[in-house]
**Student:** 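Pasting a structure here, questions to come.
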Amino acid sequence: MQTRYTLAVIYGSTREGRFCDTVVDWVLTHLPDMIEADILTIDPVDLDVESRMARADVEHRIGRDLARADAFLVVTPEYNHGYSAALKGLIDAYHKPWAAKPVAFVCYGGVSGGLRAVEQLRQVFAELGAATIRETVSFAQAWELFDAQGRLMEPEVKARSLRKLAVQLTWWAATLKMGRETVQMKEVA
Ligand SMILES: Cc1cc2nc3c(=O)[nH]c(=O)nc-3n(C[C@H](O)[C@H](O)[C@H](O)COP(=O)(O)O)c2cc1C
């Protein structure tokens with residue numbers, strides 16, 4: 001059974017001139033052909049607003065999108081062996097919408113290709129009751145792998161990794177969606 005689901009792709013960097021845009025664009029170009037999902041994007045840069053009211057509006061919209069999502073794909077760089085403060089701020093701002101949903105990662109950076117940031121994020125998402133999936137797409141020395149138009153110079157290898165990720169993410173999204181809809185988690189007094 002193939003269940004259509006909603007996937008939220010989350011930007012992991014808010015830096016001006018961020019490489020994250022290139023990697024997210026690559027994901028959004030290829031993933032729709034690999035999954036049966038409605039894809040939306042969540043960008044923590046939207047939270048950089050001056051007024052409190054404007055921020056409340058953005059927080060509300062992001063909260064609604066996170067709640068609507070059945071699965072998450074975090075596109076994260078690595079900064080000093082970790083992930084960005086902006087991404088942590090986004091995750092911490094919302095407690096409930098992550099629980100019993102899968103989280104996959106596409107990561108990038110220098111020598112480690114962002115994998116150390118991903119390992120840290122797995123701990124964070126475990127605390128929120130989310131299930132992180134094994135298959136990850138990683139770009140080491142990412143800026144050397146894309147041309148000036150943002151196209152991968154050797155596209156097939158990474159496309160195969162993204163397909164593997166999509167297969168696992170779809171299984172987890174469908175399974176956990178069914179679980180959330182049909183099995184009540186008992187509270188212990
Ligand atoms: C302060 C800083 C620390 C970084 N630390 C690492 C690191 O520990 N490991 C790594 O692989 N790349 C590291 N990088 C490279 C970044 O992952 C790379 O610049 C990436 O493009 C940042 O993502 P962004 O451009 O989307 O913000 C670092 C970059 C900066 C500016």
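These numbers come from a predicted model, not from an experiment. Note that ligands are numbered from 1 as they come in the structure, with each ligand's atoms numbered from 1 the same way.
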**Student:** Establish, from distance only, whether the side-chain atoms of T132 and R122 form a donor-acceptor pair under 3.5 Å.
**Tutor:**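 Short answer, yes.
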**Student:** Evaluate the ring planes of F146 and W26, with Trp represented by its six-membered ring, and classify them as parallel (under 30°), tilted (30 to 60°) or perpendicular (over 60°).
**Tutor:**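 It falls in the perpendicular class, over 60°.
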**Student:** I need the nearest protein heavy-atom contact for atom 7 (C) of ligand 1: residue, atom name and distance, please.
**Tutor:**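 I find the closest protein heavy atom is E78 OE2, 3.5 Å.
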**Student:** Any idea which atoms of ligand 1 are less than 4.0 Å away from a heavy-atom of P77?
**Tutor:**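 It comes down to these atoms of ligand 1: 22 (C), 23 (O).
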**Student:** Taking 4.0 angstrom as the limit and counting only heavy atoms of C20, give me the atoms of ligand 1 inside it, by number and element.
**Tutor:**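 Selected atoms, number and element: 26 (O).
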**Student:** Just jot down the ligand 1 atoms closer than 4.0 angstrom to any heavy atom of V111, in number order.
**Tutor:**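 The atoms of ligand 1 under 4.0 Å from a heavy atom of V111 are 11 (O).
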**Student:** Heavy atoms only, cut-off 4.0 Å: how does R15 contact ligand 1, side chain, backbone, both, or neither?
**Tutor:**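 It is the side chain that touches ligand 1; the backbone stays farther off.
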**Student:** Would you sort out whether Q141 and W143 count as a side-chain contact (heavy atoms from CB on, under 4.5 Å), showing the intermediate values?
**Tutor:** CA-CA 6 Å; Q141 313 294 5; W143 42 92; 3.4 Å; yes
**Student:** Students should be able to answer this: which protein heavy-atom is nearest to atom 26 (O) of ligand 1, and at what distance?
**Tutor:**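 Nearest protein contact, heavy atoms only, for atom 26 (O) of ligand 1 is Y108 OH, 2.6 Å.
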**Student:** Using a 4.0 Å cut-off to any heavy atom of R116, which atoms of ligand 1 qualify?
**Tutor:**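 Heavy-atom distances to R116 below 4.0 Å select 9 (N).
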**Student:** For ligand 1, is any non-hydrogen atom under 4.0 Å from S112's backbone (N, CA, C, O), its side chain (CB onward), both, or neither?
**Tutor:**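 The answer is both, backbone and side chain.
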**Student:** Is the terminal nitrogen or CZ of K88 (NZ for Lys, CZ for Arg) located under 6.0 angstrom from the six-membered ring centre of Y83 and within 45° of that ring's axis?
**Tutor:**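 K88 over Y83 ring: no.
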**Student:** How close does the nearest protein non-hydrogen atom get to atom 11 (O) of ligand 1, and which residue and atom is it?
**Tutor:**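 It is G110 N, 2.7 Å.
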**Student:** Keeping R15 on the side-chain end and G17 on the backbone end, is there a donor-acceptor pair under 3.5 Å?
**Tutor:**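 Present.
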**Student:** Under 3.5 Å, is there a donor-acceptor pair between the side chain of E78 and the main chain of R116?
**Tutor:**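 Checking the backbone N and O of R116 against the side chain of E78, a donor-acceptor pair under 3.5 Å is found.
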**Student:** Which residue and atom name correspond to the protein heavy atom nearest atom 27 (O) of ligand 1, and how close is it?
**Tutor:**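 Atom 27 (O) of ligand 1 sits closest to the protein heavy atom Y79 OH, 2.3 Å.
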**Student:** Is there a side-chain contact (heavy atoms from CB on, under 4.5 Å) between F139 and L152 once you walk through the steps?
**Tutor:** CA-CA 10 Å; F139 296 99; L152 266 180; 3.9 Å; yes
**Student:** Within a radius of less than 6.0 Å around CE of M153, do more than 12 heavy atoms belonging to other residues, nucleotides or ligands occur?
**Tutor:**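 Atom CE in M153 is crowded, with more than 12 foreign heavy atoms closer than 6.0 Å.
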**Student:** Which of the numbered atoms in ligand 1 are under 4.0 angstrom from any heavy atom belonging to G109?
**Tutor:**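 Matching atoms, with element in brackets: 11 (O), 17 (O).
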**Student:** To check your reading of the model: name the closest protein heavy atom to atom 21 (O) of ligand 1, its residue, and the distance in Å.
**Tutor:**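 Minimum-distance protein heavy atom for atom 21 (O) of ligand 1 reads F19 CB, 3.6 Å.
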**Student:** Give me the nearest non-hydrogen protein atom to atom 8 (O) of ligand 1 as residue plus atom name, then the distance to 0.1 Å.
**Tutor:**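 Of every protein heavy atom, H81 N, 2.9 Å lies nearest to atom 8 (O) of ligand 1.
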**Student:** Examine V157 and Y108 and state if one hydrophobic cluster contains both, with Ile, Leu, Val, Met, Phe, Trp and Tyr joined whenever side-chain heavy atoms are less than 4.5 Å apart.
**Tutor:**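 No; tracing contacts between hydrophobic side chains, which count when under 4.5 Å, never links both residues.
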**Student:** Among protein heavy atoms, which sits nearest to atom 19 (O) of ligand 1, and what does the distance come to when rounded to 0.1 Å?
**Tutor:**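 In this structure, atom 19 (O) of ligand 1 has W143 CZ3, 4.2 Å as its nearest protein heavy atom.
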**Student:** Give me the nearest non-hydrogen protein atom to atom 4 (C) of ligand 1 as residue plus atom name, then the distance to 0.1 Å.
**Tutor:**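 Protein heavy atom with the smallest distance to atom 4 (C) of ligand 1: N80 N, 3.5 Å.
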**Student:** Report yes or no: does S84 contribute a side-chain atom to a donor-acceptor pair with the main-chain N or O of G12 at less than 3.5 Å?
**Tutor:**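 The answer is yes, because a donor-acceptor pair under 3.5 Å joins these two groups.
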